*Asks:* 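Structure provided below as structure tokens; questions to follow.
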Amino acid sequence: MEKSFDPRSFEARLYQSWEQQGYFSPASANENLGEPFCIQLPPPNVTGTLHMGHGFQQTLMDLMVRYQRMQGRDVLWQCGTDHAGIATQKIVENQLAAQGLDRKTLGREEFLKRVWAWKEESGSTITKQMRRLGSSCDWTRERFTMDPGLSAAVRRVFVQWFRAGLIYRGNRLVHWDPVLQTAVSDLEVENREKDGSMWHIRYPSVDGGAGLIVATTRPETLLGDVAVAVNPDDTRYSHLIGTMLQLPLCNRLIPVISDAYVDKDFGTGAVKITPAHDFNDFAMGARHGLTPISIFTLDAKVNENGPASYQGMDRFAARKQILADLEAAGFLIETKPHKLQLPISQRSDAVTEPMLTDQWFVDLTNKGRSQITEPALDAVRSGHIKFVPENWSSTYTQWLENIQDWCISRQLWWGHRIPAWYDEAGQIFVGDDEVDAIKHSSLTPQGALRQDNDVLDTWFSSALWPFSTLGWPHETPEQALEWSDFKRFLPSNVLVTGFDIIFFWVARMVMSSLYFVGRKPDGSFEPEFATLAQRVPFKTVYINAIVRDAEGQKMSKSKGNTLDPLDLIDGISLADLLEKSTATLMNPLDREKVEKRVRRDYPNGIQAVGTDALRFTFAALATHGRTINFDLKRCEGYKSFCNKLWNAARFVLMNCEEVQFTSAAKPPLASSAERWITGEFGRMLTEYHAQIALYRFDLAAQALYDFTWNEFCDWFLELAKPALTGGDAAAKFSMQHTLIYLLEALLRAAHPIIPFITDEIWHSVAPKLGQTVDEQTSVATQSMPQAIDFAHDAISDAEILWLKEVLLGLRRIRAEMNISPAKAIPLLYSGGTELDQSRMQLHEHNIAFLAKIETQRMLAPSENEPQSAAALAGSLKLLIPLASLIDVDAERSRLDKELVKLALEIAKCETKLSSDTFVSGAPTAVVAQERQRLADFSAKQTQLAAQRAGFAG
RNA sequence: GGGCGCAUAGCUCAGCGGUAGAGCACUACCUUGACAUGGUAGGGGUCACAGGUUCGAAACCUGUUGUGCCCACCA
């Protein structure tokens with residue numbers, strides 16, 4: 001083994017070998033099948049690149065699947081990518097724009113060719129990056145949401161829901177993105193607070209009276225006003241209800257209506273009603289039988305319904321002009337600053353416009369409520385799906401309780417084209433294809449059919465991911481073969497995802513799975529999927545925290561504070577990092593600021609830490625909070641941990657060169673140190689397994705870290721040294737055996753978190769235990785060590801505890817007396833029980849070796865103690881005679897310091913014990929424990945005080 | 001307006017009823033034969049605040065303050 005841990009020297013080679021050996025695929029049907037375990041990867045955008053969120057999520061998933069494989073489960077980690085409609089189409093459109101082209105001149109067919117070409121070219125980027133992370137998903141089953149099979153599933157769902165009356169087409173008000181020129185769902189619209197104005201505008205009465213003053217933040221929509229509403233109880237305006245107003249700037253009369261929705265105390269208490277461009281107004285217009293007037297074209301310019309002078313004007317320009325005209329005409333009464341929530345389309349950053357258009361919807365509120373929405377609520381309420389952390393379930397249920405119908409049509413080209421056709425009379429035919437559509441319709445087509453131009457929301461196909469990836473709906477013979485996997489791996493065990501897509505994705509997977517999984521044509525369910533519990537797509541939803549930068553800022557390319565997981569793995573120079581961080585800034589003016597921060601945070605760029613260190617960091621940060629702040633310092637610390645493990649292995653192997661064991665059976669554990677560390681390992685495993693079961697990967701990682709560094713390396717390897725270098729061949733042989741044996745087990749335990757380094761070392765270690773190991777073998781296929789095989793031994797534990805106390809005491813004396821570690825010193829024992837004395841004899845060699853003691857002996861009862869620095873191990877006093885070594889003043893102040901500490905502890909105990917309420921109220925065990933503490937402290941105090949008395953002055 | 005979080009050492013965070021913890025940072029000493037990506041020994045906290053429950057609260061309850069996120073139609 002190399003002296004230093006160098007991940008680059010083995011990571012790529014090992015991954016390639018794992019993949020080639022097929023370690024990531026579940027067992028085939030003729031093998032001995034374990035209990036199935038399945039995780040489905042949230043499919044990343046096919047043209048995306050790996051970011052820290054992916055890295056974090058995938059580390060956790062990989063940790064779980066590797067762990068479960070080693071627990072003997074038959075594991076499927078289903079992977080694939082998403083076509084990501086808008087995002088992907090935009091990338092290609094931008095490329096075209098750079099060449100002076102646009103999709104419309106190219107035509108639909110040619111444009112789609114280009115998108116597919118781009119997908120083929122860049123689609124493997126992210127899957128290659130996933131391999132760098134060590135993700136052990138089954139690449140042989142990789143799927144893409146626009147694969148033929150998945151596309152068939154999409155059509156099937158659409159058609160079935162349509163025929164069941166759960167998908168409908170309607171002319172509704174939707175969120176419209178005027179830049180992308182498509183409808184978007186309410187989830188894709190973000191409200192951002194902006195400083196705006198509230199304008200008060202007079203709408204005079206038709207008879208020339210004062211009329212009403214309305215308050216609005218969108219004066220340009222006045223062109224589409226059909227009424228002014230007031231509260232029915234508002235006595236200021238009751239006389240006007242039912243009268244007509246003259247709409248300013250327009251040659252139109254509109255009525256004053258009354259509606260309880262209007263808040264008397266907000267604004268002027270009078271609201272202009274624009275049903276075609278406001279969701280509330282639309283509802284109110286419907287209540288009052290008012291016909292909406294659309295005033296904008298699809299790119300948000302005033303259309304033919306507006307007065308001629310405004311037609312063709314962009315909505316923001318129109319606002320300016322209308323305000324100017326109102327002012328000129330004396331209708332603008334007041335302008336007040338006002339904070340408003342601007343609806344912004346997530347994909348384009350454009351202000352969306354409510355627009356009346358023909359769109360397709362999934363009914364989730366009428367018939368769909370009982371058939372789709374309610375089951376999805378029940379699955380969580382009844383606990384068939386559990387959220388981790390638990391509180392996310394209320395986020396989920398509250399959203400579903402208030403859900404709206406889902407607008408699923410998008411006016412894009414890249415995606416699943418809606419399987420609906422229109423005849424020349426505008427009649428709708430829905431089916432798998434044109435023929436199927438006609439066959440299943442009661443209508444007779446008039447003239448030629450043309451297919452709907454729109455595509456489905458990307459999330460429509462993502463919603464089917466759990467079952468569409470497993471071959472649903474199993475109609476061809478080829479798909480039918482997958483039916484056994486389908487039954488076997490659904491429901492999957494755990495879904496790992498971010499809270500930001502609970503609504504977009506998680507809820508919709510639940511809805512579609514509960515409806516379609518195992519559903520027969522007659523609407524009943526296959527016996528394997530008869531219950532809700534059997535049809536849920538996953539049993540647990542683990543909501544991972546969002547990764548932020550070290551300062552807690554959201555990572556964003558436009559802010560220039562992202563970290564690329566691969567840059568942590570491979571390292572990056574400062575120059576390259578600067579270049580990368582400033583390449584995609586939203587505001588180029590930030591460049592200087594970003595550069596300054598990068599220079600401050602990464603003065604030397606980023607050193608390569610390797611995949612394992614990054615993975616360990618992710619695991620260690622995986623607390624159940626909402627956010628984790630990614631601190632590079634922490635990552636470097638875990639690289640040191642890898643190095644520590646590497647060197648511990650080197651030490652073990654160097655000391656075992658000449659030995660060879662024939663089996664992996666438990667060694668004889670000749671010494672108390674061996675028995676103690678074995679028990680410690682068992683304790684660690686208990687904790688480790690328990691924490692993984694609770695999804696506390698941070699605590700599991702910590703258990704591993706603590707054991708490896710603080711017990712195995714710091715104590716056991718040190719305790720091993722005297723045996724390895726001493727003359728007792730049998731003791732040495734046993735020690736060698738235990739070292740190899742525990743190291744091998746430790747590597748197996750750690751493998752799920754740090755797969756590369758453990759496998760690399762394991763290849764050198766396992767042969768020592770008689771295992772045949774070659775390039776095709778891997779620790780990944782070994783079994784996970786179990787706590788029950790590493791029992792502890794109380795006597796050895798106590799003995800090693802005692803030995804630690806002795807060594808710690810001696811070290812402290814050395815440190816505080818400033819005695820060079822190189823200097824051998826004499827040691828005298830005084831007092832102590834018989835047990836202390838026997839232990840002292842037993843460990844004489846260890847103590848001499850580990851504390852560099854040149855001579856040691858017990859003082860005879862008759863002998864006087866020489867002036868010494870002292871430490872205590874139980875009631876045994878350890879004395880380092882002063883003679884020329886020790887500074888009397890230093891020892892005096894050291895003793896004083898310790899006595900002060902003791903007095904403090906004793907006072908605390910005494911206060912507690914002198915309280916009647918404590919003694920009578922607390923459990924007897926707690927009281928007894930407190931008494932014991934006091935006794936121990938007092939004894940120690942007595943000893944030290946006596947020692948201190950020897951240094952009078 | 002609803003909902004959900006968070007506030008513990010300089011920093012990042014565990015702990016969630018019985019002696020305040022880890023990593024990093026800091027101080028001193030040490031290149032000893034696994035590891036200086038190291039070793040040894042240290043310093044550092046009225047656990048945001050105020051009440052309450054309890055023999056006992058960092059932990060449980062209530063409120064306050066600060067802070068973050070999500071949802072929502074106040075024009």
Side-chain angles (χ1 to χ4, degrees), chain A residues 1 3-5 186-187 191 198 214-218 221 229 261-263 265-274 278-284 338 340-341 354 389 391-392 394-395 398-399 402 499-500 502-503 546 550-552 554 607 609 613 620-621 623-655 696 698-699 702 705-706 710 713-714 717-718 721 725 808 811-816 818-822 852 905 908-909 912 915-923 925-927 929-930 933 937:
Chain A
M1 285 174 74
K3 186 175 177 188
S4 248
F5 158 65
D186 44 3
L187 282 177
N191 288 315
M198 174 84 87
V214 301
T216 182
T217 55
R218 299 206 53 197
T221 62
Y261 161 78
V262 180
D263 181 350
D265 303 319
F266 188 86
T268 60
V271 190
K272 60 193 273 314
I273 303 302
T274 322
D278 183 283
F279 288 92
N280 291 315
D281 293 4
F282 184 81
M284 202 186 300
H338 182 73
L340 54 104
Q341 298 286 329
N391 60 282
W392 289 108
S394 65
T395 304
Q398 281 167 25
W399 182 70
N402 299 298
F499 64 78
D500 48 337
I502 289 178
F503 306 147
I546 298 297
E551 272 111 48
K554 199 168 173 176
Q607 64 147 333
V609 302
L621 289 174
T623 60
H624 282 185
R626 297 218 159 174
T627 57
I628 57 171
N629 298 345
F630 192 89
D631 190 352
L632 190 60
K633 288 277 166 48
R634 196 108 182 232
C635 199
E636 285 163 1
Y638 292 123
K639 190 196 179 188
S640 303
F641 174 73
C642 291
N643 188 58
K644 188 78 179 175
L645 177 62
W646 183 266
N647 280 292
R650 267 182 70 224
F651 172 80
V652 172
L653 288 167
M654 279 164 60
N655 282 287
R696 287 303 305 263
D698 57 325
L699 300 179
Q702 203 189 331
Y705 184 100
D706 284 345
N710 302 332
C713 291
D714 283 355
L717 296 189
E718 292 307 315
K721 285 174 184 173
T725 57
L808 285 170
R811 278 183 201 159
R812 200 159 59 232
I813 291 176
R814 258 188 204 277
E816 293 182 14
N818 237 332
I819 303 170
S820 155
K852 195 132 181 137
E905 291 300 328
K908 266 196 214 166
C909 288
K912 251 187 172 175
S915 148
D916 281 347
T917 50
F918 173 73
V919 175
S920 59
V926 173
V927 178
Q929 184 194 328
E930 201 62 27
R933 267 165 54 78
F937 286 140

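Throughout, a chain's letter reflects where its sequence line sits, starting with A, and its residues are numbered from 1. Being a predicted model, the structure only gives us computed values, none of them experimental.
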*Asks:* Please work out if A:F279 contacts a base, only the sugar-phosphate, or nothing of the nucleic acid, heavy-atom cut-off 4.0 Å.
*Replies:*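 Since no nucleic acid heavy atom lies under 4.0 Å of A:F279, the category is nothing.
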*Asks:* Please give the distance between the P atoms of B:C26 and B:U37 as a whole number of Å.
*Replies:*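 Straight-line distance between the two P atoms is 14 Å.
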*Asks:* Quantified in whole Å, what is the C1' atom distance between nucleotide B:U12 and nucleotide B:C6?
*Replies:*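 After rounding to an integer number of Å, I get 14 Å for this pair.
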*Asks:* With rounding to the closest Å, how many angstrom separate the P atoms on B:A20 and B:C13?
*Replies:*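 B:A20 and B:C13 have their P atoms separated by 24 Å.
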*Asks:* Please determine if a side-chain N or O atom of A:H338 lies less than 4.0 Å away from the OP1 or OP2 oxygen of B:C74.
*Replies:*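 Answer no for this pair, as no side-chain N or O of A:H338 is under 4.0 Å from OP1 or OP2.
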*Asks:* When you check the gap from the basic side-chain N to the acidic O, do A:K633 and A:D631 get nearer than 4.0 Å?
*Replies:*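 Between A:D631 and A:K633 there is no salt bridge, as every charged N stays at least 4.0 Å from the carboxylate O atoms.
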*Asks:* Considering every strand and a 4.0 Å limit on heavy-atom distances, what is the contact class for A:K272: base, sugar-phosphate, or nothing?
*Replies:*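 Nothing, no nucleic acid heavy atom in range.
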*Asks:* In whole angstrom, give me the gap between the P atoms of B:A58 and B:U53.
*Replies:*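 Pairwise P distance, B:A58 against B:U53, rounds to 16 Å.
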*Asks:* With heavy-atom distances below 4.5 Å as the criterion, would you say the side chains of A:F499 and A:I546 are in contact?
*Replies:*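 Side-chain contact under 4.5 Å: yes.
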*Asks:* On RNA chain B, check which nucleotide each of A:D265 and A:T395 is closest to and give me the residue with the more 5' one.
*Replies:*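 Counting from the 5' end, the first nearest nucleotide belongs to A:T395.
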*Asks:* Mind checking the C1' distance from B:A9 to B:G15? Whole angstroms is fine.
*Replies:*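 14 Å, rounded to whole Å.
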*Asks:* What distance, rounded to whole Å, do you find between the two P atoms, one in B:C61 and one in B:C16?
*Replies:*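 My reading of the P atoms in B:C61 and B:C16 gives 14 Å.
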*Asks:* Under 4.0 Å: is that the gap between some side-chain N or O of A:N402 and OP1 or OP2 of B:C71?
*Replies:*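 Negative; the distance criterion is not met.
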*Asks:* If only side-chain N and O atoms of A:R696 are considered, is one of them under 4.0 Å from the OP1 or OP2 phosphate oxygen of B:G15?
*Replies:*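 Result: yes.
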*Asks:* Ignoring hydrogens, what is the shortest heavy-atom contact between A:A215 and A:M198? Give both atom names and the distance.
*Replies:*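 Smallest heavy-atom distance, with atoms named: CB-SD, 3.9 Å.
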*Asks:* How would you summarise protein contacts on nucleotides 33-41 of chain B per nucleotide, using B for base, S for sugar-phosphate only and - for none, with heavy-atom distances below 4.0 Å?
*Replies:* BBBSBSSSS
*Asks:* Looking for any heavy atom pair under 4.0 Å, which part of the strands does A:N391 touch: base, sugar-phosphate only, or nothing?
*Replies:*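 It contacts sugar-phosphate atoms only.
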*Asks:* C1' atom, B:U8 versus B:U46: distance in rounded Å?
*Replies:*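 B:U8 and B:U46 have their C1' atoms separated by 12 Å.
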*Asks:* Taking atom P of B:C13 as reference, at what distance in whole Å does atom CD of A:Q702 sit?
*Replies:*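 These atoms are roughly 15 Å apart.
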*Asks:* When you measure from the centre of the six-membered ring of A:F651, is the NZ or CZ of A:K721 under 6.0 Å away and within 45° of the axis?
*Replies:*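 Cation-pi check for A:K721 and A:F651: passes.
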*Asks:* Roughly how far apart are A:D186 CG and A:F279 CZ, rounded to 0.5 Å?
*Replies:*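 If I round to the nearest 0.5 Å, the distance is 8.0 Å.
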*Asks:* For the OG1 atom of A:T623 and the CG atom of A:L699, what is their distance to the nearest 0.5 Å?
*Replies:*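 Going from the OG1 atom of A:T623 to the CG atom of A:L699 covers 9.0 Å.
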*Asks:* Just how far is it from atom OG of A:S4 to atom CH2 of A:W646, taken to the nearest 0.5 Å?
*Replies:*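 Rounded to the nearest 0.5 Å, the OG-CH2 separation comes out at 9.5 Å.
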*Asks:* Given B:A14, is OP1 or OP2 found less than 4.0 Å from the side-chain N or O atoms of A:T623?
*Replies:*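 Yes.
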*Asks:* Output the distance between atom CG (A:L645) and atom OH (A:Y638), rounded to the nearest 0.5 Å.
*Replies:*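 Nearest 0.5 Å value for the CG-OH distance: 14.5 Å.
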*Asks:* What is the separation between atom CG on A:D631 and atom P on B:G10, rounded to the nearest whole Å?
*Replies:*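 Distance, rounded to whole Å: 16 Å.
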*Asks:* Pick the closest RNA chain B nucleotide for A:Y638 and for A:V919 by heavy atoms, then say which residue is nearer the 5' end.
*Replies:*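 Nearest-nucleotide comparison on RNA chain B picks A:Y638.
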*Asks:* Roughly how many Å is it from CG in A:L699 to C1' in B:G21, rounded to a whole number?
*Replies:*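 For the pair A:L699 CG and B:G21 C1', the rounded distance is 12 Å.
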*Asks:* What are the two closest heavy atoms between A:K644 and A:D714, and how far apart are they?
*Replies:*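 That would be NZ-OD1, 4.4 Å.
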*Asks:* Give the dot-bracket string for RNA chain B, reading 5' to 3', where a pair is Watson-Crick or G-U wobble with both distances under 3.5 Å, ( ) marks pairs inside the strand, [ ] marks pairs crossing earlier ones, | marks a partner on another strand, and . marks unpaired.
*Replies:* ((((((((.[[[[.)..(..]]]].(((((.......))))).....[[[[[..)....]]]]])))))))....
*Asks:* Could you work out the separation of B:A57 and B:G51 based on their C1' atoms and round it to a whole Å?
*Replies:*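 Pairwise C1' distance, B:A57 against B:G51, rounds to 13 Å.
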*Asks:* So A:F918 and A:E930, do their side chains get closer than 4.5 Å, heavy atoms only?
*Replies:*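 Yes, their side chains come closer than 4.5 Å.
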*Asks:* Counting C-beta onward and ignoring hydrogens, is there a side-chain heavy-atom pair between A:L632 and A:E636 closer than 4.5 Å?
*Replies:*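 Heavy-atom side-chain distance check passes, below 4.5 Å.
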*Asks:* Base, sugar-phosphate, or nothing: which does A:A215 touch, judged by heavy atoms less than 4.0 Å apart?
*Replies:*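 Base: the residue A:A215, judged by heavy atoms under 4.0 Å, touches a nucleobase.
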*Asks:* Could you state the CZ-C1' distance from A:R933 to B:G56, rounded to the nearest angstrom?
*Replies:*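 Going from CZ in A:R933 over to C1' in B:G56 covers 14 Å.
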